Amino acid sequence: MRARASWEPTPTRSRTAAATTHALGGALLLLWVWVALVHDLVSVGLIAADVVGPNWLPVFVLANPATAFRVLALQSVPTVTGGMADVLVGSGVTTPVLAAALVAWSVAGAWLASRLIARRSV
């Protein structure tokens with residue numbers, strides 16, 4: 001009887017499950033990189049280089065849940081440091097709009113996850 005290689009299917013783990021898990025992990029990593037790094041760098045770079053006007057700042061804030069949460073948190077404390085904190089707080093997006101955007105991001109994520117789970121047989 002030969003030893004089973006780690007990639008071979010076992011009664012408790014199939015190739016499909018391993019491939020699905022790796023694909024989900026990769027997708028989550030790419031999503032995190034986009035939300036945490038790329039989106040902020042692109043939006044701040046576009047505004048700083050005057051490619052788009054400052055009136056686009058609320059759009060960029062609401063398009064990223066991490067930035068929306070950051071602005072919501074910054075609005076709750078007085079900012080005296082200047083810099084990007086003042087720019088973000090001065091974006092003109094109100095607290096109810098930020099809260100609604102965060103709820104919408106949560107609902108959309110849960111809806112998408114339920115649709116993806118429903119497509120697969122578990």
Side-chain angles (χ1 to χ4, degrees):
M1 179 174 192
R2 69 177 180 89
R4 195 177 288 201
S6 63
W7 56 267
E8 289 182 325
T10 65
T12 58
R13 188 181 102 199
S14 69
R15 287 187 188 142
T16 305
T20 303
T21 304
H22 289 130
L24 179 61
L28 288 175
L29 178 64
L30 289 175
L31 177 66
W32 177 83
V33 167
W34 172 258
V35 168
L37 302 173
V38 176
H39 181 271
D40 281 345
L41 290 173
V42 169
S43 59
V44 169
L46 288 173
I47 290 171
D50 283 335
V51 174
V52 296
N55 53 347
W56 277 85
L57 185 59
V59 174
F60 291 137
V61 167
L62 296 175
N64 186 342
T67 306
F69 181 78
R70 185 179 308 127
V71 172
L72 188 65
L74 286 172
Q75 284 181 346
S76 66
V77 296
T79 56
V80 293
T81 59
M84 197 59 194
D86 280 342
V87 171
L88 287 174
V89 170
S91 67
V93 182
T94 63
T95 302
V97 171
L98 287 169
L102 290 173
V103 168
W105 273 105
S106 300
V107 169
W111 177 83
L112 180 62
S114 69
R115 297 293 299 169
L116 292 174
I117 290 171
R119 286 180 34 179
R120 301 244 183 224
S121 60
V122 179

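All values derive from a computational prediction rather than experimental measurement.
- When all heavy atoms of Leu62 and Ala101 are compared, the closest pair comes out as CD2-CB, 3.7 Å.
- Taking a 6.0 Å sphere around CH2 of Trp32, one finds it holds 12 or fewer heavy atoms contributed by other residues, nucleotides or ligands.
- Both Leu57 and Val51 are members of a single hydrophobic cluster when ILVMFWY side chains are connected at heavy-atom separations under 4.5 Å.
- Residues Leu46 and Phe60 come closest through the heavy atom pair CD1-CZ, 4.0 Å.
- The two residues Trp105 and Ala63 make their nearest non-hydrogen contact at CZ2-O, 3.1 Å.
- Applying the side chain to side chain donor-acceptor pair (under 3.5 Å) definition to pairs two or more places apart or across chains, those involving residues 94-104 are Gln75-Thr95.
- Val52 and Val42 fall within a single hydrophobic cluster, where Ile, Leu, Val, Met, Phe, Trp and Tyr are joined by side-chain heavy atoms under 4.5 Å apart, directly or via other members.
- Across every non-hydrogen atom of Leu98 and Ala68, the tightest pair is CD2-O, 3.8 Å.
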